[in-house]
Structures are given as structure tokens and as C-alpha cells.
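Below: one structure, written as C-alpha cells.
Residue numbers start from 1 in every chain, and the chains themselves are labelled A, B, ... in the order their sequence lines are given, proteins ahead of strands. We use all heavy atoms of the structure for the numbers below, so side chains are in, but hydrogens, waters and symmetry mates are not. Remember, it's a predicted structure, so these values are computed and weren't measured experimentally.
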There are 2 protein chains.
Amino acid sequence: MYNQISKTKKAVRQIKQAIPLQTLQRLPAYLSYLRRVLPDKKNVSARTIAAALSLGEIQVRKDLAAVSDKGRPKTGYDTAELIADIEDTLGCTNSKDAVLIGAGKLGTALLSYKGFSEYGLNIVSAFDTDKSKCGTDESGKAVLPMEKLTDFCKRLNIRIGIITVPAAHAQEICDKLVDCGIKAVWNFAPVHLNAPPGVLVKSENMAASLALLSRHLMEPDTSPDKDEE
Amino acid sequence: MYNQISKTKKAVRQIKQAIPLQTLQRLPAYLSYLRRVLPDKKNVSARTIAAALSLGEIQVRKDLAAVSDKGRPKTGYDTAELIADIEDTLGCTNSKDAVLIGAGKLGTALLSYKGFSEYGLNIVSAFDTDKSKCGTDESGKAVLPMEKLTDFCKRLNIRIGIITVPAAHAQEICDKLVDCGIKAVWNFAPVHLNAPPGVLVKSENMAASLALLSRHLMEPDTSPDKDEE
DNA sequence: GGAATATAGATATTCCTTTATCGATATAAT
DNA sequence: ATTATATCGATAAAGGAATATCTATATTCC
């Protein structure tokens, strides 16, 4: 099976088996690591990656098998090929435009962060009800008044919305984004958001992370204490 | 079992059964919801919570059973009591001090965020190598030079460190924090961090969230599409 | 060319989480 | 009082993910 009927396998993978949720969420970590070591390592094995990221070797191997079939005994994967396969799976190559609502501290921090482009995300513009925040951000991106949101999204066919407004207004903004045709919402406000079927809401739950840290400090017990990501 | 031998049950819960990881991470969402509705609702049922947060009723009931035994048929839980039990489990009551390293955009955003106190987190001070960033932040919190970190942590017995430095320096900062006696690291840099046993590292993996959003946009298929948090 | 070795891939098992089903009980209504 | 009902709690089943085990196969070394 090493390199002969790859087409068949890939087809099967794409048609029948969706990539497991947990695997999907680990892929960016692999990608980041591989990009970093590419200049040095032309080849990598699952074991190497596992050691670098403190993961189980078998788990990594299984994850990689879900996105690529170019692994070869004794040599492992060609790093560049593996990067390409992961990028392909994650859709890093085709740039996805997004709008960001709420030009507060967190909003502007995200707005000026350069790293999202590595995963194909491009924040086109920010919006805020506060006119004093409108204008051109330090990062060179525009902050527009809320009134222009709907027209903007529809004209540019934006499908991703990032919410960085206070919790009290998040649901209302979410509803508005849905009206604008947004299909995926990335929510940084600490509230649950309701959205109609077909619209995915992914909330960044910092409180959940805190719960983990807190428990660790409360239970200085004998546990082996693998780190959680 | 309704209200009679609660002591025994609680003891068993605390001794034998640790709260499942996934449950633990949902608790803050319950807490947030309960606090919001407390003025209106003296009592809540698992079903009510489930509906509000788009979760399964049985799942919520099981989660609540893990932290409280004060639920009663027909009436549900006393809201205030349930809040207290969750707070107790999460350790919201005793304030935990933390230091933050990296006073960039994201760092200062977190520094000035008021919401962490609701979960018992208190960011005492920030640190940065860049002297020009040192001084007193807008939020009233001090940004100190890195040289003072070790002494500061040891004197105040700080156990939580928040990393908001660029990825390239994150591991080195993490090592330093460990030297300072930090026991829990909250990492916002997009790299895996290694830490010795006994030190928990929780990374905020935004790229993983992006992967989810991205997949959703790539596969506009027939899936039922429950939203992910 | 043959043996040793590192590695991928497949299958099976175990574990954790979620979901389903059933029984018990406090409140409300008749 | 008796019955109905909403809800909790416990047990059981199902699903998904992590881990273990085994097999196959390139590469390397002799």
C-alpha cells in the first residue's frame, strides 16, 4: 500500500470518512511544527513529531494517516509533501475573508495579528458602533461604522464573522451577521450564542481554560499530570 | 436520596470521582448563565439550562449531578445554591494571583479585561523586556521590567503565569516561569510548550478553532451541524 | 543479496464521553 | 386523598477517541 493505489485511498478518505474532530484540531499544531523545521528536516516521522509536541506516537501516526498516504517505512514523510497535504485539508491555501465586529482592545489585537494568514484567514475590515473608533487602524485596516456592515458583507460575499463585542451585545451582533449571510461565527464574547442551522458558531471559551488551571492548582495530587491543550 | 444523606454522597464524589474533563469545561458556561438569570429565576431545571445553552438535557443533568446533590424533582435546583456549588468546584471564591508576560496588544487586552475576577483570577502585574512598555497601564496595573519577574513571583508566591509573547520567545519565558515556581501556565503563543511534570500548560489554540470554521465552510454538506464550543 | 531495523498501516482493545432508558419522588391538581 | 406530571438520579447502551498490538515494507548495513 505504500505509494501504489494512492488515488483510491484518497477518494475513500474524502468521500466516506470525515476527519475526526480531535484530529482536525491537532492538525494546525502539526502544520506549525512542520513549517518550522522544514529547512532542517527533509523528512519527518510520526515519532519525531510526537516527541516535539508531547503527544502519543500512535496518535500522531493515525492523525497523519487521515490526511496523507505518502508515508514510507523507515523514512517517514517528506516534510514538504506532508505540509501540503495538511494545508490542503485545512484549506489554508484559499484565502477566506472575514469581518470583525467590535474594535475594542481584543478586537484590535486580533485585527493586527499577522499569524492568521498562515491558515488562510484574512480579516478584511472591522466594524464598531462607536464612531470615535472608526477610521484606519494602526495595522492599516479600516474600522467602519456599523451601518456599513450589511452592505459590505453582501458585496464582498463575506462568510466569516468574528465577534469581539461585550457579552451583552454579542447575540444581537450574531443575529445581524447571520442576516448578512455569514456562515461561520468566531465568538470571543463570554456568552453562548444561538444561530440557525447551517451557521457554525465557535466560541473561544477562556473560562473553560481557567477551570483547568484552577483545578490543577487545587489538586496538587499524585496525578501524572499530562499537559492539556 | 433527595436531601437525606448528602454528606456521604459529597464525600464519595470528592474522594473517588474526579469531575470529568468535559464536564469541568462546561461548568463555567452554566455558572455564567445562572448568574445572569438569578434575579429572575429562583429555581432552574436541567432542561431549562440545556435549552438556553443548546446542550442535551441529559448531559446537563449529569454535569450538575457531578457538582451538586441539591436537585429536587419537579422544582429542579435552587439557583443560588447551584451557583455556590459550581463556584466551589471551580474555586472561584479564593482569588488566585497571576503574572502576565508580554505587554503587547493581546497582553494589555487581557490585562485590562475585568471578567477574569468572576472566576477568581487576578492578574497582579505584567512584565516586558521592552522598557518603553513599562510603567503603569491604562487599566491601572503595572508593567514591570523582566528583571523583576523572579523576585516578584517568589515574594508573592505566584502560581499562575500567562504568556502573551511572540511564539519565538514563549518557551524561554515558560522555562523562566517554571524557575520562578509557577505551577500553571496559560499560553497564548501559537507554539507547543514543554514543562516539567507538575506544571500544567494550557494553550489557547486559536488555529484549532480556525480549522473548525474552515472545515465548515468547505463542506456545505447535509450535516445536522450542531454548533461547537 | 540477506539480515536487521525503523517506520507506516491495520486491527483490536480499552477508555472516556454522550445518549438512552428506567425508576423514584416532590409538587400540583382534581 | 388520589392521580398526574415534571424533574432528578441511576443504570445501561452506544459512540468516539486514545492506546496497544501485530503485520508489512522500505532502507541500511554487512
Exercise for review: Using atom types as modelled and distance alone, determine if a side-chain donor or acceptor of A:Asp175 lies under 3.5 Å from a backbone N or O of A:Asp179.
Suggested key: no
Review point. A:Asp63 has an atom CG; how far is it from atom C1' of C:dA8, in whole Å?
Key: 14 Å
Exercise for review: Please check the phosphate of D:dG9 (OP1 and OP2 only) for any side-chain N or O of B:Tyr77 closer than 4.0 Å.
Suggested key: yes
Exercise for review: Evaluate the salt bridge (charged side-chain N to carboxylate O under 4.0 Å, His left out) criterion for residues A:Arg47 and A:Glu57: first the C-alpha distance (whole Å), next the side-chain angles of each, then the deciding distance (0.1 Å), finally the verdict.
Suggested key: CA-CA 5 Å; A:Arg47 169 172 292 173; A:Glu57 176 183 346; 3.2 Å; yes
Review point. Please walk me through it: do B:Glu87 and B:Arg35 pass salt bridge (charged side-chain N to carboxylate O under 4.0 Å, His left out)?
Key: CA-CA 11 Å; B:Glu87 285 178 342; B:Arg35 282 170 171 165; 2.8 Å; yes
Practice item. Examine A:Tyr113 together with A:Phe116 and report whether their ring centres are nearer than 6.0 Å. Key: yes
Check your understanding: Quick check: are there more than 12 heavy atoms from other residues, nucleotides or ligands sitting under 6.0 Å from CZ of B:Arg159?
Key -> no
Review point. Taking five pairs at each end of the helix from C:dG1-D:dC30 to C:dT30-D:dA1, what angle separates the two helix axes (nearest 10°)?
Key: 10°
Check your understanding: Taking CG from B:Asn43 and P from D:dC8, how many angstroms apart are they, rounded to a whole number?
Key -> 10 Å
Exercise for review: Could you go through the side chain to side chain donor-acceptor pair (under 3.5 Å) check for A:Ser54 and B:Asn194 one step at a time?
Suggested key: CA-CA 8 Å; A:Ser54 311; B:Asn194 274 104; 3.1 Å; yes
Revision key, fill the gap. Here the distance between atom C1' of C:dC16 and atom CD of A:Gln59, to the nearest Å, is 14 Å
Review point. Reckon B:Arg47 has a side-chain N or O less than 4.0 Å from the OP1 or OP2 of D:dT7?
Key: yes
Study note, to complete from the structure: Whole-Å distance, A:Asp78 CG to D:dA26 P, equals 16 Å
Check your understanding: Can you check the A:Glu57 CD to C:dG9 P distance for me, whole Å?
Key -> 13 Å
Could you go over nucleotides 27-30 of chain D and give all protein N or O partners under 3.5 Å, atom names and distances?
| unit_1 | atom_1 | unit_2 | atom_2 | d |
| --- | --- | --- | --- | --- |
| D:dT27 | OP1 | A:Arg72 | NH2 | 2.6 |
| D:dT27 | OP2 | A:Arg72 | NH2 | 3.4 |

Review point. Within the side chain of B:His192, is there an N or O that forms a donor-acceptor pair under 3.5 Å with the backbone of A:Ala29?
Key: no
Check your understanding: Tell me: NZ of B:Lys62 to P of C:dT17, nearest whole Å?
Key -> 9 Å
Review point. A:Leu64 CG to C:dT7 C1': how many Å, rounded?
Key: 12 Å
Practice item. Could you say whether A:Arg61 or A:Gln22 is positioned toward the 5' end of DNA chain D, judged by the nucleotide with the nearest heavy atom to each? Key: A:Gln22
Point to revise | Validation row: A:Trp186, B:Met206 side chains within 4.5 angstrom (heavy atoms) | key: yes
Point to revise | For atom CZ of B:Arg26 and atom C1' of C:dC16, their distance in whole Å | key: 12 Å
Review point. About how many Å separate OG1 of A:Thr79 and CG of A:Leu38, when rounded to the nearest 0.5 Å?
Key: 6.0 Å
Review point. So which one's nearest nucleotide on DNA chain D is more toward 5', A:Pro20 or B:Gly76?
Key: B:Gly76
